[in-house]
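Note sheet for the following structure.
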Amino acid sequence: MFIALRSDGRGGTTAVSLDADGAETARTDLAPDDLAAWIAERERERPRWVWSDTSRWYPPLLAAGVRVERCIDLRLCRRILRHAIATSGTVWPDDGWDRPAPAPTAAGALFDLEESSSDDDPVAELARQRAAIAASAEPGPLALLTAAESVGSLVAAEMTFAGLPWRAEVHDAILRELLGDPVPGARPTRMEALLGEVRTALDEPTLNPDSPAELVKALQRAGLRVTTTRSWELKNVDHPAIPPLLEYKKLARLYTANGWSWLAEWVHDGRFHPVYVPGGVVTGRWAADGGGALQLPKQVRGAVVADPGWRFVVADAAQLEPRVLAAMSRDTAMARAGQAQDLYQGMVDAGAVETRPQAKYGMLGAIYGGTQGESGRMRPRIERAFPRAMAYVEAAARAGERGEVVRTWLGRTSPPGRQALQQVDGADGTLSDAEVRRAQTDARSWGRFTRNFVVQGTAAEWALCWMGALRRRLWELGDPGAPLLARPHLIFFLHDEVMVHTPEGLAPIVETALRESAAEAGRLLFGGAPVEFALSVATVERYADAR
DNA sequence: TCGGAAAGCGCC
DNA sequence: AAAGGGCGCTTTCCGA
């Protein structure tokens with residue numbers, strides 16, 4: 001059963017109940033003050049709520065203490081289905097569902113009037129989407145993908161609502177330890193001291209180290225043969241200015257990105273409330289909007305401390321992308337290597353390569369399209385040991401080079417290519433050599449993108465299914481009737497890693513739930529494929545202690 | 001003066 | 001320590 005929610009344009013909401021075939025069975029007009037209670041009441045029947053954007057409808061419900069089990073985020077699903085190659089037979093109207101989601105309103109600030117676009121009828125769009133899936137080449141995977149994307153949107157809103165426990169005084173202590181004391185209008189003391197060493201060593205008393213152009217000129221004046229100021233290039237240079245400069249650059253990064261201003265802007269009342277953007281990356285990965293939630297540097301993770309009597313259970317899917325590739329390509333040799341907790345060690349034990357770093361860089365090179373260095377050198381051996389896996393990503397790369405689209409396991413489809421190589425083939429000598437080279441470079445670059453797309457995107461699908469399964473289990477672990485934040489709940493997500501905030505006594509069963517959910521995600525996506533999705537799980541008080 | 005591009009680096 | 005796909009964020013730079 002579905003219940004579609006639609007703003008009536010005057011602050012109220014119309015709820016349309018639909019049966020399994022999508023036929024209307026009831027219609028209710030709700031005043032703003034009645035909405036949350038009505039939804040909580042109907043939630044007992046566990047309908048699938050259908051709404052334009054979870055980011056807009058769900059935060060006020062969470063603020064009112066209402067958690068829902070299932071939904072369809074029509075805008076996220078439209079984006080998937082419109083571009084999916086499997087639904088290419090569907091003609092989509094050029095309408096508001098293709099527009100980006102309206103900016104999420106702050107939690108608690110009820111639906112604002114001007115945002116309700118009356119032309120976007122959720123009932124009609126639901127019918128269109130269900131018909132498109134039913135008529136597609138693969139209804140099962142697309143139905144799973146849209147459900148997974150939608151549950152991801154619920155998780156994202158719930159994690160924003162919960163906020164990540166953050167001890168500002170611990171963060172401050174970490175900053176003082178590394179950067180020195182803050183100085184108003186100037187650099188912190190330790191950074192300033194390091195900068196002094198750099199200026200002395202280069203004999204450049206007014207050098208601004210934050211300007212790459214100025215810095216590279218100063219280094220060249222000092223006789224250093226560098227063309228950029230990237231750390232990995234400077235590491236190979238022997239000069240007394242380099243060690244303090246590298247240290248300064250590291251600290252400057254921390255100071256600007258996650259220093260005291262970040263703390264003041266993003267942490268309030270002991271919580272960091274990042275805004276996640278499900279599906280914000282073309283591959284289906286999440287992005288973050290503000291606060292840099294997906295790039296929290298390890299240096300500050302010591303400030304993430306569980307509430308008294310609570311713990312974090314942190315789980316990381318070990319070598320997720322190689323395992324996903326093994327499952328997609330049905331590469332049994334690679335699946336066998338993945339029987340080990342550590343897939344890379346499994347590759348060594350199977351005799352494919354000699355050392356774990358060789359396995360790691362060889363595998364990443366296969367997935368990313370690396371040709372240089374260690375990953376390039378390992379390529380022939382990976383190809384010999386795992387022919388089906390390599391053939392799978394090679395096929396994706398070639399398709400991209402030809403300007404074709406590729407798709408993930410569940411059917412998310414890559415953006416259209418630029419057909420660079422086709423242009424070269426069809427140009428028949430009318431292009432200059434330079435133009436041909438440029439076109440070939442572009443084509444190969446796009447091929448690396450499509451090669452990675454199929455693996456990264458499928459890994460993102462696995463992660464969504466993992467979180468969806470976990471979310472349901474966590475809810476059932478809590479006391480019936482208890483609000484979301486009094487039960488074990490998801491609190492952080494990082495592509496292949498999740499963190500649960502839980503009462504200490506429940507941590508062991510949360511660990512079990514994490515593992516069961518990983519196995520469930522594997523079965524959902526790949527059925528009986530003999531691929532294991534190993535987790536490394538840790539129960540900790542501080543995020544920094546998780547690995 | 002302002003906005004976008006580039007450089008650089010954090011995360012996976 | 002390596003190579004290279006995807007992002008966000010900050011500062012600097014440069015041209016309209």
Side-chain angles (χ1 to χ4, degrees), chain A residues 187 208-217 226-236 245-246 248-259 261-262 265-266 274-301 316-322 324-325 355-379 382 393 396-397 400 406 408 412 414-415 444-460 462-463 492-498 543 547:
Chain A
R187 295 180 177 84
N208 174 11
D210 303 323
S211 164
E214 195 182 325
L215 181 57
V216 77
K217 283 196 195 97
V226 294
T227 53
T228 76
T229 66
R230 294 190 190 106
S231 293
W232 63 264
E233 185 175 346
L234 298 182
K235 265 176 198 134
N236 302 318
L245 176 58
L246 290 174
Y248 173 89
K249 284 164 75 77
K250 212 170 175 55
L251 298 184
R253 166 80 195 182
L254 174 63
Y255 174 60
T256 55
N258 293 96
S261 7
W262 181 90
E265 184 176 355
W266 290 103
V275 175
Y276 298 95
V277 186
V281 178
V282 283
T283 58
R285 271 189 177 183
W286 289 10
D289 185 10
L294 302 181
Q295 319 148 240
L296 285 183
K298 299 213 157 115
Q299 293 155 305
V300 301
R301 294 185 184 180
D316 177 302
Q319 306 96 33
L320 177 57
E321 294 190 348
V324 158
L325 175 57
T355 67
R356 191 181 185 279
Q358 284 181 346
K360 179 174 177 179
Y361 290 104
M363 204 63 249
L364 291 182
I367 292 171
Y368 291 152
T371 55
Q372 312 257 306
E374 184 76 328
S375 71
R377 279 194 293 281
M378 287 302 112
R379 194 65 165 269
I382 303 286
V393 288
V406 296
T408 61
R412 194 187 299 265
S414 66
R444 289 200 191 96
S445 164
W446 194 251
R448 281 195 298 276
F449 166 67
T450 52
R451 169 197 296 266
N452 186 250
F453 180 94
V454 297
V455 181
Q456 186 185 113
T458 304
W462 182 90
F492 193 58
F493 170 63
L494 208 55
H495 306 309
D496 60 358
E497 176 182 332
V498 301
Y543 186 21
R547 49 168 120 187

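Excluded from the calculations below are hydrogen atoms, water molecules and symmetry mates; all remaining heavy atoms, backbone and side chain alike, are included. It should be emphasised that the depicted structure is a prediction, and the values quoted were computed from it without experimental measurement. Below, read A as the first sequence line, B as the second, and so on, with proteins coming before strands; counting in each chain starts at 1.
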- Message: Just so I know, are the side chains of Tyr248(A) and Arg187(A) near enough to count as touching, which here means a heavy-atom distance under 4.5 Å?
- Response: yes
- Item | Listed partners of Arg253(A) passing salt bridge (Lys or Arg N to Asp or Glu O under 4.0 Å), at least two apart | none
- Mind calculating the distance between OH (Tyr368(A)) and C1' (dG6(C)) to the nearest angstrom? 8 Å
- Message: Holding to side-chain hydrogen bond (donor to acceptor under 3.5 Å, both in side chains), I want the full list of residues that pass it with Asp316(A), two or more places apart in sequence or in another chain.
- Response: Arg547(A)
- Message: Under 4.0 Å from a heavy atom of chain A: give me the 5'-most and 3'-most nucleotides of DNA chain B that qualify.
- Response: dA7(B) to dC12(B)
- Which nucleotides of DNA chain C pair, in dot-bracket form (Watson-Crick or G-U under 3.5 Å, | meaning another strand): ....||||||||||||
- Query: Applying side chain to side chain donor-acceptor pair (under 3.5 Å), which residue pairs with at least one partner in residues 358-367 of chain A are found, sequence neighbours left out?
  - Reply: none
- May I have the distance from Leu364(A) (atom CG) to dG4(C) (atom P), rounded to whole angstrom? 11 Å
- Query: Is there a side-chain contact between Asn452(A) and Arg448(A), using heavy atoms and a 4.5 Å cut-off?
  - Reply: no
- Message: In this structure, how many angstroms lie between the P atom of dA1(C) and the NZ atom of Lys235(A), rounded?
- Response: 8 Å
- Query: What pairs with Phe492(A) under ring pair (Phe, Tyr, Trp, His ring centres under 6.0 Å), at least two apart in sequence or on another chain?
  - Reply: Tyr543(A)
- Message: At under 4.0 Å between heavy atoms, how does the protein contact nucleotides 11-16 of chain C? Give one character per nucleotide, 5' to 3', with B, S or -.
- Response: SSS---
- Item | Heavy-atom pair with the smallest gap, counting every atom of Gly365(A) and Ser375(A) | CA-CB, 3.7 Å
- Gap between atoms CE and P, on Met378(A) and dA3(C) respectively (whole Å): 13 Å
- Message: Please enumerate all residues that pass ring pair (Phe, Tyr, Trp, His ring centres under 6.0 Å) together with Tyr255(A), with sequence neighbours excluded.
- Response: none
- Between P of dT10(C) and CD of Glu265(A), the distance in whole Å: 7 Å
- Look at all strands and tell whether Arg253(A) reaches a base, only sugar-phosphate, or nothing, counting heavy atoms closer than 4.0 Å. base
- Item | Whole-Å gap separating C1' (dT10(C)) and CH2 (Trp266(A)) | 14 Å
- Task: Verify, without hydrogens or angle tests, whether Trp262(A) (side chain) and Gly291(A) (backbone) share a donor-acceptor contact under 3.5 angstrom.
- Result: yes
- Over all atoms of both residues, closest heavy-atom pair of Thr228(A) and Leu234(A): O-CD2, 4.1 Å
- Message: Need one value for Leu494(A): base, sugar-phosphate or nothing, where a base atom within 4.0 Å counts as base even if backbone is also close, heavy atoms only.
- Response: sugar-phosphate
- Item | Between dG4(C) (C1') and Gln456(A) (CD): distance, integer Å | 12 Å
- Check whether any side-chain heavy atom of Trp286(A) lies under 4.5 Å from a side-chain heavy atom of Val281(A), and answer yes or no. no
- Within residues 291-301 of chain A, residues whose heavy atoms come under 4.0 Å of DNA chain C: Gly291(A), Gly292(A), Gln295(A)
- Query: Quick one, which residues of residues 278-288 of chain A touch DNA chain C with a heavy atom under 4.0 Å?
  - Reply: Val281(A), Val282(A), Arg285(A), Ala287(A), Ala288(A)
- Message: Quick one, Leu246(A) and Lys235(A) - any side-chain contact, counting heavy atoms below 4.5 Å?
- Response: yes
- Roughly how far, to the nearest 0.5 Å, is the CD atom of Gln319(A) from the CG atom of Asp496(A)? 10.0 Å
- Message: If the condition is side-chain hydrogen bond (donor to acceptor under 3.5 Å, both in side chains), which residues does Thr229(A) pass it with, not counting sequence neighbours?
- Response: none
- Message: Testing the basics here: between Trp232(A) and Asn236(A), what is the closest heavy-atom pair and its distance to 0.1 Å?
- Response: O-ND2, 3.4 Å
- Message: Test of understanding: with side-chain hydrogen bond (donor to acceptor under 3.5 Å, both in side chains), list the residues that count as partners of Asn208(A), not counting sequence neighbours.
- Response: none
- Contact class for Tyr361(A) vs. all strands (heavy atom < 4.0 Å): base, sugar-phosphate, or nothing? base
- Task: Check the distance between dG5(C)'s C1' and Leu325(A)'s CG and give it to me in whole angstrom.
- Result: 14 Å
